[in-house]
Amino acid sequence: MLGYISRRFLQLIPIMLGITLVTFLLMRAAGGDPVMQLIDDRSAGMDQAAVDAIRQQWGLDQPLPVQYLRFVANAVKGDLGRSYVSRSSVAQAINERVPATARLGLTALIFAVIVGIAAGTIAAARRNSWFDTATMVVALAGVSIPVFWLALLMMYLFAVKWHVLPASGYGDGQLKYLIMPAFALGAGITGVVARVTRSAMLGVIKAEYITTARSKGLSESKVIFKHALRNALIPVVTIIGVQLGGVLSGAVITESIFNWPGIGRLLVDSIGKRDQPMVQGVVIFFALLFALVNLLVDVAYAAVDPRIRYS
Amino acid sequence: MKQLSRILAPAMIAALVVAGCGSSATKPPTGDKPAPAVDPAKPVQGGVFTKSLNYGDPGNLDPIMKSDVAAQMVTMNIFDTLVKYDPIKKTIVKSVAADYKISDDGLTYTFTLKNGVLFHNGRELKAADVKYTIERASNPKLAPVTLKLFDKVAGYDEFQKGATEISGIKVAGDYDLTITLKQPKATLLMDLASAPAGIVPKEEAEKPDFGQKPVGSGPFKLVDWKKDDKITLAANDKYQGGRPYLDQVVFRIMKEEQTRDAEFQSGTLDSMTLGETQYKRYAADPEKQKGLVEVPELFTRAIHFNTTKAPFDNVKVRQAINYAIDKKAIVEKVLYNKAFVATGVLPSSSPAYDPNLKGYAYDPNKAKQLLQEAGVPNGFTFDVLVTAATAKWMEAMNIDLNKIGINGKINQMESSTLLEKARNGDYQAVIFSTGGDVDPISFLGRFESRNFGKGGNVTLYKNDQVDKLLAEASTVTDPAKRNDIARQAEKIIVAETPWFIFNYNKAVAIAQPWVHGLQPVPTDIDFQDLTQVWVSNKK
């Protein structure tokens, strides 16, 4: 297992190099001359010597390959450059926002996993019951309703009409600020997890070893949760891994609507301001996160299914 | 868009008033609607005022690094300036300066500073700090937004070439300062009053994170800045102009209109600026409308024509478009009356506004006739650059244009890309709002040929008479004369119409019933003097 993980980490190197190269080139192609982005409205009054001085100061006078290699060398040390807007460290800006996004994303995900798996399992165990029907209708709604619509609806009901939750913001980190954004972000994932769990469970429940377990006189809850669920979890783990991408992209929308000071919002704002280094830094951060999550999902397979061995 | 227009006016960035200091020959209709300011109640000391900051996180609060609305809204409260512009009285007033004198030739400005003005770090502000501030703002190595702000000060050019100081700024003792100009500059006091000229203490400004931890001598000091969430300022008890009424000001960084709406309706936001649909809703609510503060802002919305490209190189085509569009209908139906129909370039809150200038009336027949004369009787299709916000304006205008065979092909993009294309002349027509200058000569600089492209004249319009008039005005310091010259130039510009002059923005803020003292500020309704704002018992 350890060997497998080490190999996967080594594979990350070319992947990340590829991502940084593509991001770097795309940003340059999309953004035009970085010096003009940097000095922007100031350029009108500047003579060429001053512009050249700034180009040199920011290392933008070097050929592109040199700039790229420098960027990579610095990125390895955790330095993602300086923002053209705030003139301060990109890595620091990401650092400042990671806790908010992590808090939101993890809460949404934990909520989705617990509620989704529980609802899907019970729905499968009680197939065709009213609970099954109701769960699947709610799950379908969760998957279908756009995040922004759900967010605005909740905001209207809980903040404007009933005054029970704050409409938006982070506050000082109190739980009440987290409830609506986490629910909005988690609703869709919960629906997906519930549906996948249910269908996986339905496949497993018919298996002979479940009949054997029952005939041995095990309680129904032991049969379902210990024997059936564990085997049904593989597709669920896969879908959770895939949905993590949904958490990241959903965070972009949720954070914007709920005024949540996370990385998603930083990305959107930076694109609007054409802050190349910031966009570059955030995209690379997202890519790394995604790659690591995928690795984690693969490792989790082995944990939930003893038949899977990485050697 | 307002940020865009500010960026588009680099040459005139803080060039403002003077013209507003004198009496105007014609009195513009103001349409101002100060709201709870007229409350008879006595101001109450204390409380927190929470206001939305609609434009995203400013990122940097060093006054010389950012000049957009978001940054200025905050920095104008943290930093103090030698003099201030009072947008209501339309005049320059003293601030850190206890007194100032201007020599008869308009070349020497002598300032005497107040004693005992303290920076937030406790050190006294002295004349040397003002000199340092101006030199820092003119330092090309820092690439500041203010680089050209003080370019008329004697010794500026040498400083750009590496001299260690600007020789035209002389400090005498702790409190006396003289600024000598190479040539008269009518807007120098306004430049000194602008937020980017906020006075900074050297020992703080030279710290690498000054933009994140700004220290000034203004009425409020920064106590907390949660990026993308909120900026909290606390009253400066030792403020030279007297302690503000408020204990704290919280700027909530909120880009989404619906979110601001929800916060305002739930009572957690004390004030916000409104968009068109919000305005329509709040203006129709008998209770909520009491909290509206309205002002014709100094911004003009227009289609800018590239006058070097066909068919807009033909003045008759440009005039035809002006006659073809029913501006009033669009203001009513698309902008929900959150705008005023434009008759000229200068908005009605400009001191040089000319009520006798009638602009172009809606006359499709005249438009057809002009197209005939221009040799395009069947009309044409042109590309027009818009943003998501302005696309609907063009769609509405197309209804009228299609009637005479013209069609504006909408090309929607991000405002920053649109800006770059506009500056580079890489467009046929482009829509945006521009302005912010109280000084009419600075406003009209957008039509001077010396400002082609990045200087603000994106239409590449050139008229010798306009150039001559505006060049003459640059050394005239008498406000009335400047207004007269502006009106003469404006007449020519309107006749040749490098812009389809569309409408003037009506800026609208709304406040909760417990908020008092907000003013209809025409430079930008977000630039409130928060020392005058107070809150009574909330709910």
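Naming: A, B, ... by sequence-line order, numbering from 1 per chain. Everything numeric here is computed off the predicted structure, so don't read it as measured data.
Residue contact with chain A, scored on non-hydrogen atoms closer than 4.5 Å, is absent for Leu61(B). Looking at Lys141(B), the atoms closer than 4.5 Å to chain A (heavy atoms on both sides) all sit in the backbone: N, CA, C or O. At a 4.5 Å heavy-atom cutoff, Pro208(B) makes no contact with chain A through either its backbone or its side chain. Heavy atoms closer than 4.5 Å to chain A are found in both the backbone and the side chain of Glu263(B).
Rounded to the nearest 0.5 Å, atoms NZ (Lys161(A)) and OG (Ser266(B)) are 13.5 Å apart. One distance of note links CG of Asp57(B) with OG of Ser270(A); it measures 10.0 Å at 0.5 Å rounding. Note that the CG atom of Leu152(A) and the OG1 atom of Thr259(B) stand 7.0 Å from one another [nearest 0.5 Å]. Atoms NZ and CG, on Lys273(A) and Asp68(B) in that order, are 7.0 Å from each other to the nearest 0.5 Å. Taken to the nearest 0.5 Å, the OH atom of Tyr156(A) stands 11.5 Å off from the CG atom of Asp261(B).
Between Asp269(A) and Lys255(B) a salt bridge is recorded (basic side-chain N to carboxylate O distance below 4.0 Å).
Closest approach of His163(A) and Gln265(B) over heavy atoms only: CE1-O, 4.4 Å.
Interface residues of residues 62-80 of chain A toward chain B, defined by a heavy-atom distance below 4.5 Å: none. For residues 255-264 of chain A, a heavy-atom distance under 4.5 Å to chain B picks out Ser256(A), Ile257(A), Asn259(A), Pro261(A), Gly262(A), given by residue number. Of all residues in residues 88-104 of chain A, those placing a non-hydrogen atom less than 4.5 angstrom from a non-hydrogen atom of chain B are Ser88(A), Glu96(A), Arg97(A). Inspection of non-hydrogen atoms places Ala167(A), Ser168(A), Gly169(A), Tyr170(A), Gly171(A), Asp172(A) of residues 166-176 of chain A under 4.5 Å from chain B.
The environment of Lys182(B) atom NZ is dense: over 12 non-hydrogen atoms of other residues, nucleotides or ligands sit within 6.0 angstrom.
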Go through the steps to decide whether Met155(A) and Gln258(B) satisfy the test side-chain contact (heavy atoms from CB on, under 4.5 Å), and finish with yes or no. CA-CA 9 Å; Met155(A) 221 182 252; Gln258(B) 292 91 337; 5.7 Å; no

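In this structure, the side chain of Arg265(A) engages the main chain of Asp228(B) through a donor-acceptor pair within 3.5 Å.
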